[in-house]
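Step one of this worksheet: look at the structure below.
Positions are given from 1 along the sequence. What you are looking at is a predicted structure, and each value in this text was computed from that prediction instead of being measured.
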Amino acid sequence: MSVKRLSRTSLMKILDGQVKEDAICVVKFYSNGCHLCHNLKDYYEELSGKSDYENMHFFAFNVDNMPEIEKQLRFNGVPTISLVKTYADDTEPKVTILHDPTEPNEKTWYRIKDIVSFIKENT
């Protein structure tokens with residue numbers, strides 16, 4: 001599977017519970033001016049193509065299009081990885097944010113193993 005860019009409208013549909021299906025969405029929040037975000041891109045895309053995650057949706061959202069999303073989801077800066085579970089019934093989506101690493105990778109911020117562990121722990 002490939003990474004799809006989310007528009008502000010599409011992100012809000014996911015977060016507001018308008019997506020009525022049981023799904024797992026992994027969202028990378030990024031900014032155009034963030035070199036860490038750009039360096040993480042290839043690894044994130046590679047991860048999205050792994051067979052272990054074929055039933056998940058991988059998205060990228062540019063926070064420049066909605067700066068208030070950081071406050072709304074309670075994260076500080078980019079890149080940030082989140083996992084959103086949506087449900088077919090009226091259950092509110094569950095949003096989990098990957099915490100900042102204790103030892104950030106100087107090129108990509110997150111290490112792939114951090115993202116893999118995060119997904120495993122939250123699915």
Side-chain angles (χ1 to χ4, degrees):
M1 180 172 272
S2 64
V3 176
K4 297 178 184 166
R5 287 189 186 167
L6 282 175
S7 67
R8 179 185 178 123
T9 302
S10 297
L11 176 64
M12 292 314 298
K13 284 182 180 181
I14 292 169
L15 296 176
D16 289 343
Q18 295 177 35
V19 174
K20 297 297 181 188
E21 66 179 78
D22 292 328
I24 296 171
C25 305
V26 182
V27 182
K28 178 184 89 166
F29 292 94
Y30 72 96
S31 173
N32 288 337
C34 171
H35 72 281
L36 297 169
C37 300
H38 292 289
N39 292 342
L40 183 61
K41 180 184 176 189
D42 290 340
Y43 297 109
Y44 185 69
E45 287 180 354
E46 182 181 327
L47 189 65
S48 76
K50 294 197 178 280
S51 62
D52 292 351
Y53 309 117
E54 64 189 3
N55 294 323
M56 296 180 193
H57 305 278
F58 281 77
F59 297 111
F61 181 78
N62 187 338
V63 298
D64 297 335
N65 296 329
M66 188 178 175
E68 67 273 17
I69 195 66
E70 291 182 48
K71 185 175 181 181
Q72 181 180 343
L73 295 181
R74 298 184 182 123
F75 66 87
N76 296 315
V78 290
T80 291
I81 305 292
S82 72
L83 191 137
V84 183
K85 290 183 183 178
T86 62
Y87 302 94
D89 59 19
D90 288 333
T91 302
E92 289 287 320
K94 180 180 178 190
V95 180
T96 309
I97 302 292
L98 175 56
H99 295 293
D100 289 342
T102 53
E103 295 182 24
N105 180 303
E106 61 186 45
K107 292 184 180 181
T108 60
W109 190 250
Y110 294 112
R111 289 171 168 54
I112 294 303
K113 67 179 184 174
D114 298 332
I115 300 172
V116 168
S117 294
F118 171 70
I119 292 170
K120 190 178 286 188
E121 291 168 7
N122 291 284
T123 53

Heavy atoms only: give me the nearest [X]-[Y] pair and the separation to one decimal.
{"X": "D114", "Y": "P101", "value": "OD2-CB, 4.1 Å"}
{"X": "C34", "Y": "V78", "value": "SG-O, 3.7 Å"}
{"X": "Y110", "Y": "H99", "value": "CE2-O, 3.5 Å"}
{"X": "F59", "Y": "H57", "value": "CE1-CB, 3.4 Å"}
{"X": "W109", "Y": "P79", "value": "CB-CG, 3.8 Å"}

Contact check, side chains of [X] and [Y], non-hydrogen atoms, under 4.5 Å:
{"X": "T80", "Y": "L73", "value": "no"}
{"X": "T9", "Y": "M12", "value": "no"}
{"X": "N32", "Y": "N62", "value": "yes"}
{"X": "Y87", "Y": "K94", "value": "yes"}

In Å, rounded to the nearest 0.5 Å, how long is the span from [atom1] of [X] to [atom2] of [Y]?
{"X": "I69", "Y": "R74", "atom1": "CD1", "atom2": "CZ", "result": "12.0 Å"}
{"X": "T96", "Y": "N122", "atom1": "OG1", "atom2": "CG", "result": "4.5 Å"}
{"X": "I115", "Y": "Y53", "atom1": "CD1", "atom2": "OH", "result": "9.5 Å"}
{"X": "I81", "Y": "I119", "atom1": "CD1", "atom2": "CD1", "result": "8.0 Å"}
{"X": "I14", "Y": "K85", "atom1": "CD1", "atom2": "NZ", "result": "15.5 Å"}
{"X": "S82", "Y": "L98", "atom1": "OG", "atom2": "CG", "result": "9.5 Å"}

Does any N or O in the side chain of [X] come within less than 3.5 Å of the main-chain N or O of [Y], such that one atom is a donor and the other an acceptor?
{"X": "S10", "Y": "L6", "value": "no"}
{"X": "T86", "Y": "E21", "value": "yes"}
{"X": "E70", "Y": "N76", "value": "no"}
{"X": "N105", "Y": "R111", "value": "no"}

State whether the number of non-hydrogen atoms from other residues, nucleotides or ligands found under 6.0 Å of Y43 atom OH is greater than 12.
->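 12 or below, so no.
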Taking atom CD of E103 as the centre, report whether more than 12 heavy atoms of other residues, nucleotides or ligands fall under 6.0 Å from it.
->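 Open: at most 12 neighbouring heavy atoms sit under 6.0 Å from CD of E103.
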Tell me whether the guanidinium CZ or amine NZ of K28 lies under 6.0 angstrom from the six-membered ring centre of Y30 and within 45° of its axis.
->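 Checked: cation-pi criterion met.
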Check whether [X] and [Y] end up in the same hydrophobic cluster, where Ile, Leu, Val, Met, Phe, Trp and Tyr are linked by side-chain heavy atoms less than 4.5 Å apart.
{"X": "V27", "Y": "M66", "value": "yes"}
{"X": "F118", "Y": "M56", "value": "yes"}
{"X": "V63", "Y": "V84", "value": "yes"}
{"X": "V26", "Y": "L40", "value": "yes"}
{"X": "L47", "Y": "I24", "value": "yes"}

What class does the angle between the rings of F29 and F75 fall in, given that below 30° is parallel, 30 to 60° is tilted and above 60° is perpendicular?
->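 The rings of F29 and F75 sit tilted, inter-plane angle from 30° to 60°.
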Salt bridge present between D90 and K20 (N-O < 4.0 angstrom) |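 Looking at K20 together with D90, the answer is yes, because their closest N to O distance falls below 4.0 Å.
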Using the test side-chain hydrogen bond (donor to acceptor under 3.5 Å, both in side chains), find all partners of E68 that sit at least two apart in sequence or belong to another chain.
->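 Applying side-chain hydrogen bond (donor to acceptor under 3.5 Å, both in side chains) to E68 gives R8.
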Would you say the side chains of N39 and T108 form a donor-acceptor pair under 3.5 Å?
->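 No - no donor-acceptor pair under 3.5 Å links their side chains.
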